[in-house]
Amino acid sequence: MKNLLKKNKRGNILTENIIFIVLNIVFITILLLFLFSRTGDASVLEEKYAKQIALLIDAAEPIMTINLNMEDAIKIAEKENFPAGEIVTRTGNVITVKLREDGGYSYSFFNDVEVNANFDTITKKEYYFVISEKE
Amino acid sequence: MCDQNILNKKGQIGETMTWIVATIIIITILGISIFATQFIINPDKKITFSEDKEKNLLAIKSITSFLKNEKNVELLRNKDYVNFEKEVKVLLETLPDPSVGSAGDWNFELYENDEKKIEVHNYRLATNIGQYNHFENNFLFEQTKLRFWLECQGICK
Amino acid sequence: MQKNKKGAEKIISVYWFAILFIVAGAMVYMVSSFYGKPYDVREIEAGLLTNKIAECLSVEGYINENWGNLNTDNFLDQCGLDFNTEEIYSWNDDQYYIEVNISEKIISVGNTNLKGSCFLQGKNAPPCLESSLYAIDLQDNNYKINILSIVRKTEKNV
């Protein structure tokens with residue numbers, strides 16, 4: 001009788017506790033993954049850099065070259081297998097920053113200048129923008 | 001047996017009370033965090049502003065123009081500080097004020113051989129606490145020092 | 001006695017997960033609320049626009065000698081501005097408005113409807129930046145140049 005009682009206590013408590021702890025760990029892990037993915041999200045960086053570059057161009061005058069460190073964005077693009085040389089593109093007076101195939105954020109600038117956006121293949125951490133007069 | 005039952009109930013009540021207090025604390029902390037996110041951090045955090053660049057450019061252009069005006073230079077040369085002060089007051093009215101929500105205005109002082117000759121104070125803070133002297137532009141004309149500055153309550157923006 | 005303990009533990013487990021869900025839900029809400037909002041750069045953009053106009057009208061302390069020939073049609077071209085925007089949210093190149101007043105001569109370019117929104121309050125109202133500039137001409141005549149710059153782009157900044 002005493003042995004039976006001891007066996008029942010051991011089996012019940014251990015299984016329930018393990019399930020409880022595992023569920024907690026899984027839940028907290030999922031939560032942390034979600035939080036970290038939102039804070040380092042590609043879309044946040046796309047918006048940030050598109051606006052930053054557009055404002056830099058607005059403040060610039062020909063003839064100027066502006067170097068911008070985009071290391072964090074380039075790392076994300078590499079993870080997403082997106083070519084670093086195509087992260088920043090310009091169409092007319094609209095700057096588009098893309099870090100993944102189905103992403104992208106555009107922002108226009110009002111400065112009527114010619115802008116060439118180039119990926120720095122030496123440092124591989126920067127983009128440089130050459131501002132010149134429109135022909 | 002009866003005593004043991006009573007003991008068991010006391011333990012459960014104790015645990016329940018602990019959870020009630022914990023729940024109240026958790027909900028209070030969550031409430032404060034959500035309030036902070038919504039009303040303190042959110043409205044201002046993502047509004048960006050540049051502290052000095054745009055306003056300083058207009059101020060410097062204006063002051064440069066003012067000091068290029070031969071009439072004003074002549075007043076300085078002749079030490080006609082009364083009329084020079086009148087012209088400065090007109091200039092200060094054109095200089096850009098801080099943004100809406102940020103109190104402040106432009107001030108001017110003129111020193112001749114370190115002696116103050118002109119003082120135009122449109123906005124001076126009573127104490128130095130919270131003061132942030134920004135956009136200070138100093139010019140030297142022979143032995144005369146001209147000091148233009150924007151004084152604001154808090155940060156000039 | 002064992003039955004009481006089991007029942008109490010199960011209720012507490014459920015309650016524990018309920019609290020976890022509430023806390024997690026609050027954290028998700030706060031993070032989404034903050035990171036879901038865009039950066040609002042309209043005020044900076046309006047300031048840069050004002051600067052660009054000031055650079056066009058006042059050069060090395062002297063007013064642009066061609067200021068008399070400036071008008072609504074040629075202002076953008078003469079001052080190196082382009083108000084075209086991206087084709088999104090039914091924007092039709094109507095996200096900017098500028099008004100320049102030089103000695104009672106008023107030049108306005110862009111979406112005139114935005115001028116009325118200067119009286120609006122709140123985050124959705126586009127920032128209206130009013131600045132003034134002192135300039136002289138070669139004959140030492142004074143000019144007070146008033147510049148009003150408005151940048152809308154609400155959908156991308158609020």
Side-chain angles (χ1 to χ4, degrees), chain A residues 5 8-9 12-13 16-17 19-21 23-32 34-41 43-62 90-96 104-115 131 133-134, chain C residues 2 5-6 9-10 12-14 16-17 19-21 23-28 30-53 55-56 76-88 91 93 95-96 98 109-110 149 151 153 156-157:
Chain A
L5 282 170
N8 279 341
K9 278 179 187 171
N12 284 336
I13 290 167
E16 281 178 9
N17 276 345
I19 292 168
F20 185 74
I21 289 166
L23 278 174
N24 269 314
I25 290 169
V26 166
F27 185 82
I28 289 169
T29 307
I30 292 170
L31 179 66
L32 286 173
F34 168 78
L35 292 177
F36 280 113
S37 74
R38 287 295 281 150
T39 56
D41 199 15
S43 60
V44 176
L45 284 178
E46 282 172 350
E47 182 204 340
K48 173 194 157 189
Y49 280 115
K51 287 182 174 171
Q52 190 175 8
I53 293 165
L55 292 178
L56 280 171
I57 294 168
D58 282 335
E61 282 181 36
R90 177 193 65 83
T91 313
N93 68 329
V94 177
I95 287 285
T96 303
Y105 193 94
S106 299
Y107 205 77
S108 61
F109 54 90
F110 56 73
N111 201 354
D112 196 18
V113 290
E114 195 64 43
V115 179
I131 317 289
E133 287 210 23
K134 255 191 182 171
Chain C
Q2 278 182 349
K5 280 180 189 166
K6 269 189 195 171
E9 279 177 10
K10 279 182 180 167
I12 285 169
S13 298
V14 169
W16 170 256
F17 278 106
I19 289 285
L20 266 187
F21 271 110
V23 171
M27 287 171 73
V28 165
M30 284 188 280
V31 168
S32 300
S33 167
F34 183 79
Y35 285 97
K37 283 205 166 82
Y39 289 101
D40 190 350
V41 298
R42 295 172 297 169
E43 205 171 319
I44 288 189
E45 204 172 346
L48 291 174
L49 184 53
T50 299
N51 274 9
K52 184 84 178 152
I53 296 167
E55 290 275 23
C56 176
L76 291 183
D77 200 49
Q78 292 294 310
C79 288
L81 294 169
D82 182 354
F83 283 178
N84 292 328
T85 54
E86 51 271 47
E87 285 166 13
I88 197 169
W91 286 1
D93 302 337
Q95 301 300 304
Y96 298 97
I98 54 170
V109 187
S149 302
V151 175
K153 297 189 178 181
K156 287 211 161 185
N157 286 280

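Protein chains get the first letters and strands the later ones, always in sequence-line order, with residue 1 at the start of each.
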Original post:
Listed by chain and number, what are the side chain to side chain contact (heavy atoms under 4.5 Å, CB included) partners of C:V109, not counting sequence neighbours?
Top reply: C:T72, C:F75, C:L76, C:F83, C:I98, C:I107

Subject >> Portion of C:F17 that has a non-hydrogen atom of chain A nearer than 4.5 angstrom >> reply: side chain

**OP:** Check whether any side-chain heavy atom of C:D82 lies under 4.5 Å from a side-chain heavy atom of A:K134, and answer yes or no.
**Re:** yes

Original post:
In terms of heavy-atom pairs under 4.5 Å, which option from C:V31, C:D77, C:V151, C:N84 contacts chain A the most?
Top reply: C:N84

Subject >> chain C interface, residue from A:L31, A:I28, A:N24, A:L23 that has the most non-hydrogen pairs under 4.5 Å >> reply: A:N24

Original post:
More than 12 heavy atoms of other residues, nucleotides or ligands under 6.0 Å from CD of A:E114: is that the case?
Top reply: yes

Subject >> Spacing of C:M27 atom CE and A:L32 atom CG [to the nearest 0.5 Å] >> reply: 6.5 Å

Original post:
Checking heavy atoms, do the side chain of A:F20, its backbone, both or neither come under 4.5 Å from chain C?
Top reply: both

Original post:
Contact part of A:E61 toward chain C, heavy-atom cut-off under 4.5 Å: side chain, backbone, both or neither?
Top reply: side chain

Original post:
With respect to chain A, which residue among C:K52, C:Q95, C:E45 yields the maximal number of heavy-atom pairs within a distance under 4.5 Å?
Top reply: C:E45

**OP:** Name the region of A:F109, side chain, backbone, both or neither, that has any atom closer than 4.5 Å to a heavy atom of chain C.
**Re:** backbone

Original post:
Which bit of C:V28 is near chain A, if near means a heavy-atom gap under 4.5 Å: side chain, backbone, both or neither?
Top reply: both

**OP:** Measure distances from C:I88 to the heavy atoms of chain A and classify the residue's part below 4.5 Å as side chain, backbone, both or neither.
**Re:** neither

**OP:** Quick one: pull up CD1 in C:I44 and CD in A:Q52 and give me the separation to the nearest 0.5 Å.
**Re:** 9.5 Å

Subject >> salt bridge (Lys or Arg N to Asp or Glu O under 4.0 Å) against C:E55, all qualifying residues, sequence neighbours excluded >> reply: B:K61

Original post:
With respect to C:E86, which candidate in A:N93, A:V94, A:T91 satisfies the side-chain contact (heavy atoms from CB on, under 4.5 Å) definition?
Top reply: A:V94

Original post:
SG of C:C79 to CG of A:N111: how many Å apart, nearest 0.5 Å?
Top reply: 11.0 Å

Original post:
Heavy-atom distance under 4.5 Å to chain C: side chain of A:F110, backbone, both or neither?
Top reply: both

Subject >> Sidechain-backbone polar pair: A:E47 side chain, C:Y39 backbone, donor-acceptor under 3.5 Å >> reply: yes

Original post:
Does the side chain of A:Y107 come within less than 4.5 Å of C:V41's, by heavy atoms?
Top reply: yes

